[in-house]
Amino acid sequence: MSRTVPPRGRYLVFGAPRLPEEAIQAAVEVLRSGWLGTGPRVAAFEEEFARYIGTPFAVAVGSCTAALHLALRLAGVGPGDEVITTPMTFAATANVIVHVGARPVFADVDPLTGNLDPEAAEAAITPRTRAIIVVHYAGRPCEMDAFTDLCRRHGLFLIEDAAHALEASYKGRKVGALGDAAAFSFYPTKSLTTGEGGMLTTASGEWAERARVLRLHGLSRDAWRRYRDEEFPDYEVLEPGYKYNMTDIQAAIGLAQMPYLEAWLGRRERLWHLYNDGLKNLEGISLPPEDRRIVHARHLYTIRVNRRQAPFSRDELIRLLHQAGIGTGIHYKALHLHRFYREAFGYRPGMFPNAERISEETLSLPLTAHMDESDVLYVIDTLHRLWAKGRL
Ligand SMILES: Cc1ncc(COP(=O)(O)O)c(C=O)c1O
């Protein structure tokens, strides 16, 4: 049956979060508890998160951007250094490289997966390279065996931007435990959200300890430890740190979502396959490839719109879907094409053809555990109606 309005007559917001009632109650309890800052809920969230990822340490921070910045500081990256990363990412991944005074060196991506290509990354290594930041694009783990080997051979730090990939694993090992450090995001569109928030994971006790100091002004003891300890609540500034701590309000909201992660992933997986089945015959659309070696976190359902075969360009399609009450996203306009990166580092169109092609063709359709089958069927139905009209 053809529909002309989204199910239940509402706009299908891109990335609408799903918050269980327990998360709302947990936030209320913290608000009533008298301790709103970084405290016992943050510690509990970190413990549960580390257990879920299978990594010794998790340090909660205010955003994934903060976690990425801290990872670079922990790796000792600074002025004069280079960090290789992908142009197929959100600005934060490369901005933090600039924040520590280093140079972001982009390398091209795999034309099908959109993940950083290990061979292109290797070709970009110079004597100044200190680290590689891989981004598990859309929730699909990068080729981590190749990157681990590459970083070992060249003495580089390997940092995972796991903003899209909380539930992902690579050959049986969870993303977030595959490099020297990893950064997760709890931004509202992510599968677990704390409004804003992030997590740094690492197997290094030394890095975790320094991250805890750096996330709160460089203080030797945070407020929770100062007030809880029986001894005199003294502290010292060990180094000029940042204001990157997570609050107990955020942590309580996050912790309450942890038991749902796998069920929500299962739901997104079902919706993903529904999209695949419904869209496979649309001319000019290519669907995300499947890979049995990995668990895909199913964060972004990205299709590619081939202008020569499809009746519409990607940008026309965004407008038409919006008119039909469907919000979409672009992930991403390749980062080297943005003004700052062109002007500051001399990047130009044509340098990373695979990323540029994805950048022009990619479109993310709505996919979250907040949605149900009728939402996805509406999107599929709308696309078929548009294709039928566009062909006239
Ligand atoms: C790949 C990637 N890295 C980093 C970030 C930054 O995350 P946050 O907003 O939590 O700082 C995002 C945010 O959407 C992202 O998609």
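Whatever order the structure lists them in is the order used to number ligands and atoms, beginning at 1. Please read all numbers here as calculations on a predicted model, not as lab measurements.
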Exercise. Give a yes or no on whether the backbone of Glu236 and the side-chain of Ser220 come within a donor-acceptor separation of less than 3.5 Å.
Key: yes
Self-check item: N-O pairing of Arg128 and Glu82 below 4.0 Å
Solution: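 A salt bridge links Arg128 with Glu82.
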Quiz prompt | Within residues 59-91 or reaching into it, pairs that qualify as ring pair (Phe, Tyr, Trp, His ring centres under 6.0 Å) - sequence neighbours excluded | solution = His69-His99, His69-Tyr242, His69-Tyr244
Exercise. Heavy-atom cut-off of under 4.0 Å around ligand 1: list whichever protein residues fall inside it, by chain and number.
Key: Ser63, Cys64, Thr65, Thr89, Phe90, Ala92, Thr93, Val135, Asp161, Ala163, His164, Ser185, Tyr187, Lys190, Gly197, Tyr332
Quiz item: Does Tyr52 have any side chain to side chain donor-acceptor pair (under 3.5 Å) partners at least two apart in sequence or in another chain, and if so, which?
Solution: Glu262
Practice problem: Indicate, with yes or no, if the rings of His296 and Tyr170 have centres closer together than 6.0 Å. | Solution: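 Judged by ring-centre distance (under 6.0 Å), His296 and Tyr170 do not meet the cut-off.
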Practice problem: Among residues two or more places apart or on two chains, list those pairs meeting side chain to side chain donor-acceptor pair (under 3.5 Å) that have a residue in residues 178-198. | Solution: Glu167-Ser191
